[in-house]
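To find a chain, count down the sequence lines: A is the first, B the second, and so on, and within it residues start at 1. A quick note: this is a predicted structure, and the numbers were derived from the prediction, not measured.
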There are 2 protein chains.
Amino acid sequence: MARAGVTAERLTRAAADLADEIGFQNVTVSALARGFGVRPAALYSHIEDAQDLRVRVAVLALAELADRAAAALAGRAGKDALVAFANAYRDYAKAHPGRYAAMQIELDSERLATSAGRRHAEMTRAILRGYELSEPDQTDAVRMMHSTFHGYVTLETAGGFSRHPRDVEASWSRTLDALDTVLRNWPPAA
Amino acid sequence: MARAGVTAERLTRAAADLADEIGFQNVTVSALARGFGVRPAALYSHIEDAQDLRVRVAVLALAELADRAAAALAGRAGKDALVAFANAYRDYAKAHPGRYAAMQIELDSERLATSAGRRHAEMTRAILRGYELSEPDQTDAVRMMHSTFHGYVTLETAGGFSRHPRDVEASWSRTLDALDTVLRNWPPAA
DNA sequence: CTCGCTTACTTACAGGCTTTAAGTATTTGC
DNA sequence: GCAAATACTTAAAGCCTGTAAGTAAGCGAG
């Protein structure tokens, strides 16, 4: 009965990889245990329950994405920064669909504050520095940007754009152009 | 042993209502059967399996939303139409979170073509008639609009905007202003 | 009206997942 | 080298999905 060397970190990583392979919904404690050659009950020494595992994957994914976005953003400003950030976001989601799906579960505010959620918001605001928006326009713009990225990526990966011949890549590029346009010409409050 | 009068339609409606109450993820065949005072196995005379039930709820929700959007759109044009459509979309999602979640499952293209998916696309294009965009800009704009709506509503209902004091309603209104702005000033292709 | 067919629903069961409890083996640290 | 902590095991309860086979209810035809 040699020990399998299971830790919460390894479990989380394995769960994330499994999610990318078979879909986040299909990641079960049992399947994960199987991968480690261990009985399901063994995992409960390392994680609280199945939901705890899901949250850990979500936090991991948020951190990974924040790292990539930060790297993409380094040394860029204005539209350049906008495009780099957006592409980092979309590329991550496409490369890691399971991790991206994990990010969508509702995290309690405590965990989000501690996690990379804050970093994302800060980076988005950093991009907006190039557009000289003051509050509350800045917050509105942050929300619109995030909505556009998230919406586009979600719909694209769900196959929502696949029934029209127009190149999805091109539409994305034009959407970023449009976003840049509106940020430079943010409409005055009514 | 009186018959319970279960039909696929009633099941679908009950499942949708249940989803709005307890969340789409928590709708099970067993819970649904309980609501009808019937054994779980009885439902398999009316639905193929659990996935079939989910798809039915999704199609129902798509049709309901299309009806509301069409009603909101009637007699309007330009920004007026854009705002009415967007609000119908968001209001539906907020009033029926379970149904809205159901709409996000991947539907095979066959079912989507038959269902209300087509109507949605047509309505979005109808709105764009007021902005005089020609292809492929029109398709790009449709995709951006849909992404923005979907992204905003998803993030809002997931609590993603709740850690900032700015009124979510106001941000939404400004986002629609911004969308109108960019549609009127759609950037020329590079 | 009743016979017989179709359909709705039942019980029974197999198999999978989650989670707790209690026991056994292994490792760590003094 | 031994005690305490930790990793893992089996066992079991509870819930879910889905299939198979049986029973009862309704319906149409004679």
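- Taking the six-membered ring where tryptophan is involved, the planes of A:Tyr89 and A:His146 are perpendicular, since the angle between them exceeds 60° and thus also 30°.
- Checked for salt-bridge contact, A:Arg184 and A:Glu132 miss the test: no charged N lies under 4.0 Å from a carboxylate O.
- Against DNA chain C, the stretch residues 41-49 of chain A makes heavy-atom approaches under 4.0 Å through A:Ala41, A:Tyr44, A:Asp49.
- Using a cutoff of 4.0 Å between basic side-chain nitrogens and carboxylate oxygens, A:Asp17 and A:Arg99 are scored as salt-bridged.
- Rounded to whole Å, atom P of C:dA8 lies 13 Å from atom CZ of B:Phe36.
- Between B:Phe161 and B:Tyr152, the distance from one ring center to the other falls under 6.0 angstrom.
- Salt bridge present: B:Arg119 and B:Asp67 bring a charged side-chain N and a carboxylate O closer than 4.0 Å.
- Only B:Thr28, B:Val29, B:Ser30, B:Arg34, listed by number, bring a heavy atom of residues 18-35 of chain B to less than 4.0 angstrom from any atom of DNA chain D.
- Distance CZ (A:Arg39) to C1' (C:dT19): 16 Å, rounded to an integer number of Å.
- Of the charged side-chain nitrogens involved, none lies within less than 4.0 Å of a carboxylate oxygen, so that B:Glu48 and B:Arg56 do not count as a salt-bridged pair.
- For A:Glu156 and A:Arg90, the salt-bridge test passes: some basic side-chain N is under 4.0 Å from an acidic carboxylate O.
- No side-chain heavy atom of B:Asp20 sits under 4.5 Å from any side-chain heavy atom of B:Tyr100.
- A salt bridge links B:Asp177 to B:Arg174: one of the charged nitrogens lies within less than 4.0 Å of a carboxylate oxygen.
- If you take CD of A:Glu9 and C1' of D:dA7, they are 16 Å apart, rounded to a whole angstrom.
- Taking the side chain as every heavy atom from C-beta outward, B:Asn185 and B:Thr181 approach each other to under 4.5 Å.
- In the helix from C:dC1-D:dG30 to C:dC30-D:dG1, the terminal helix axes, each the rotation mapping four pairs' C1' atoms onto the next four within five end pairs, subtend 10°, rounded to 10°.
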